[in-house]
Amino acid sequence: MSRFQGKTAIVTGGASGIGKATSLRLASEGASVVIADINAESGQTVVDQITADGGKAIFVSLNVTSEDAWNAAVATTVETFGGLDLLVNNAGIGDARSIEDTTIEVWDKTIAVTQTSVFLGLKASSAALKASGNGSVVNISSIYGLVGGSAAGPAYQAAKGAVRLLTKNAALWWVESGVRVNSVHPGFIDTPILEGAPREALAATVPMKRLGKPEEIASMVTYLLSDEASFITGAEFAVDGGFTA
Ligand code: NAD
């Protein structure tokens, strides 16, 4: 299958977990992929894997909280691959502190990396995505962008809720330009972000009684990015083993 032949994608946080699985899947279906991350070593490993499999990818150093870095990343993408069609705003950091334990520094950092990053990504990519004529964006929120939960800290919960509505806002602003924007809400997925978390206890709270795999999120993300989802915009999709059912 080559649903993404001739298309170019930026995946933030593409060096690990859900972003990595999504990057590999996009490349395997023909996309040129820009792995945009702060972790150059892991990002380059993903690029090497894609290249070894015959795909096209580059690593771009991007701190998603920096508007200048975003503008540079989009410029490099357009220079290298001739345009930008697909954007996955995936980078984020977890936080499970209580309200009392959340310092203003933790609040500001979590909001910057997990929420402001999505706004900056949309803004920096706007012209290129519109020029594509068939642009598609997926913002990675969380089950905690849909329902409350004490396994999430206040800043993470607020940020993921904001990503859900920012998605709908962008979808409506951009509907006439042909750029679709949707959000995906993963449940507990077995990635490094769960390091230190009680994985077995989390899995026990899921109706399917297991953690999800990053590839199971990548399936939904790539569906929404593809032309198969041509009538879907401003919508939210939980991929969570029944957690929010
Ligand atoms: P992960 O820790 O495996 O990957 C996150 C990636 O983001 C890493 O490569 C990291 O280097 C990168 N990153 C962190 N800060 C960055 C920054 N400032 N600029 C650029 N890149 C940065 O985590 P994951 O589980 O793959 O998480 C991906 C997304 O999925 C996150 O937004 C997370 O909140 C969301 N999510 C994850 C789960 C889960 O259970 N794994 C559940 C719901 C939502």
Side-chain angles (χ1 to χ4, degrees), residues 10-25 33-47 59-70 72-73 87-96 106 108-121 124 138-147 149 151-153 155-164 166-167 183-203 205-206 208 210-218 220-221 236-241 243-244:
I10 293 178
V11 182
T12 70
S16 175
I18 292 168
K20 177 179 174 181
T22 301
S23 298
L24 294 173
R25 180 75 185 267
V33 184
V34 176
I35 314 289
D37 205 292
I38 45 170
N39 187 335
E41 195 181 333
S42 300
Q44 191 56 48
T45 306
V46 179
V47 169
F59 174 77
V60 166
S61 177
L62 172 68
N63 183 335
V64 288
T65 65
S66 160
E67 186 165 19
D68 288 347
W70 260 113
L87 171 64
V88 185
N89 280 310
N90 162 76
I93 48 173
D95 180 57
V106 168
D108 285 345
K109 183 166 185 195
T110 308
I111 295 289
V113 178
T114 309
Q115 173 183 332
T116 309
S117 59
V118 176
F119 161 68
L120 292 176
V138 171
N139 297 325
I140 303 296
S141 176
S142 165
I143 45 174
Y144 293 133
L146 297 172
V147 297
Y156 187 78
Q157 179 105 60
K160 290 303 193 183
V163 169
R164 170 176 171 269
L166 186 51
T167 299
S183 59
V184 168
H185 299 257
F188 303 121
I189 309 301
D190 197 1
T191 75
I193 212 172
L194 289 189
E195 205 170 292
R199 289 175 189 232
E200 281 178 23
L202 290 177
T205 66
V206 179
M208 284 191 180
R210 68 171 176 88
L211 301 180
K213 299 179 208 142
E215 294 76 16
E216 292 174 310
I217 305 302
M220 175 59 87
V221 174
E236 61 204 42
F237 295 86
V239 183
D240 64 359
F243 189 89
T244 54

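For ligands, and for the atoms within them, numbers begin at 1 and follow the listed sequence.
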**Asked** Is atom NZ of K20 surrounded by more than 12 heavy atoms (other residues, nucleotides or ligands) closer than 6.0 Å?
**Response** no
Are there any N/O pairs under 3.5 Å between ligand 1 and the protein, and if so, what are their distances?
{"unit_1": "ligand 1", "atom_1": "3 (O)", "unit_2": "S16", "atom_2": "OG", "d": "2.6"}
{"unit_1": "ligand 1", "atom_1": "9 (O)", "unit_2": "D37", "atom_2": "OD1", "d": "3.4"}
{"unit_1": "ligand 1", "atom_1": "9 (O)", "unit_2": "D37", "atom_2": "OD2", "d": "2.7"}
{"unit_1": "ligand 1", "atom_1": "11 (O)", "unit_2": "D37", "atom_2": "OD1", "d": "2.6"}
{"unit_1": "ligand 1", "atom_1": "18 (N)", "unit_2": "N63", "atom_2": "OD1", "d": "3.1"}
{"unit_1": "ligand 1", "atom_1": "19 (N)", "unit_2": "L62", "atom_2": "O", "d": "3.3"}
{"unit_1": "ligand 1", "atom_1": "19 (N)", "unit_2": "V64", "atom_2": "N", "d": "3.0"}
{"unit_1": "ligand 1", "atom_1": "25 (O)", "unit_2": "T191", "atom_2": "OG1", "d": "2.5"}
{"unit_1": "ligand 1", "atom_1": "26 (O)", "unit_2": "I18", "atom_2": "N", "d": "2.8"}
{"unit_1": "ligand 1", "atom_1": "32 (O)", "unit_2": "N90", "atom_2": "O", "d": "2.7"}
{"unit_1": "ligand 1", "atom_1": "32 (O)", "unit_2": "K160", "atom_2": "NZ", "d": "2.9"}
{"unit_1": "ligand 1", "atom_1": "34 (O)", "unit_2": "Y156", "atom_2": "OH", "d": "2.7"}
{"unit_1": "ligand 1", "atom_1": "34 (O)", "unit_2": "K160", "atom_2": "NZ", "d": "3.1"}
{"unit_1": "ligand 1", "atom_1": "40 (O)", "unit_2": "G187", "atom_2": "O", "d": "3.4"}
{"unit_1": "ligand 1", "atom_1": "40 (O)", "unit_2": "I189", "atom_2": "N", "d": "2.8"}
{"unit_1": "ligand 1", "atom_1": "40 (O)", "unit_2": "I189", "atom_2": "O", "d": "3.4"}
{"unit_1": "ligand 1", "atom_1": "41 (N)", "unit_2": "I189", "atom_2": "O", "d": "3.1"}
{"unit_1": "ligand 1", "atom_1": "41 (N)", "unit_2": "T191", "atom_2": "OG1", "d": "3.2"}

**Request:** Output every pair passing side-chain hydrogen bond (donor to acceptor under 3.5 Å, both in side chains) with a member in residues 192-202, not counting sequence neighbours, ordered by first then second residue.
**Result:** D190-R199
**Request:** Output all residues satisfying side chain to side chain donor-acceptor pair (under 3.5 Å) with T65, sequence neighbours left out; order by chain, then residue number.
**Result:** N63
**Asked** Got I111 and T116 here, is their nearest side-chain heavy-atom distance under 4.5 Å?
**Response** yes
Only distances under 3.5 Å count here; give the side-chain donor-acceptor pairs of residues 34-43 to other protein atoms, sequence neighbours excluded, each with its distance to 0.1 Å.
{"unit_1": "D37", "atom_1": "OD1", "unit_2": "N39", "atom_2": "N", "d": "2.9"}
{"unit_1": "D37", "atom_1": "OD2", "unit_2": "G14", "atom_2": "N", "d": "3.3"}
{"unit_1": "D37", "atom_1": "OD2", "unit_2": "A15", "atom_2": "N", "d": "3.1"}
{"unit_1": "N39", "atom_1": "OD1", "unit_2": "E41", "atom_2": "N", "d": "3.3"}
{"unit_1": "N39", "atom_1": "OD1", "unit_2": "S42", "atom_2": "N", "d": "3.0"}
{"unit_1": "N39", "atom_1": "OD1", "unit_2": "S42", "atom_2": "OG", "d": "3.4"}
{"unit_1": "N39", "atom_1": "ND2", "unit_2": "S42", "atom_2": "OG", "d": "3.1"}

**Residue from V88, V60, V64 passing side-chain contact (heavy atoms from CB on, under 4.5 Å) with T12** = V64
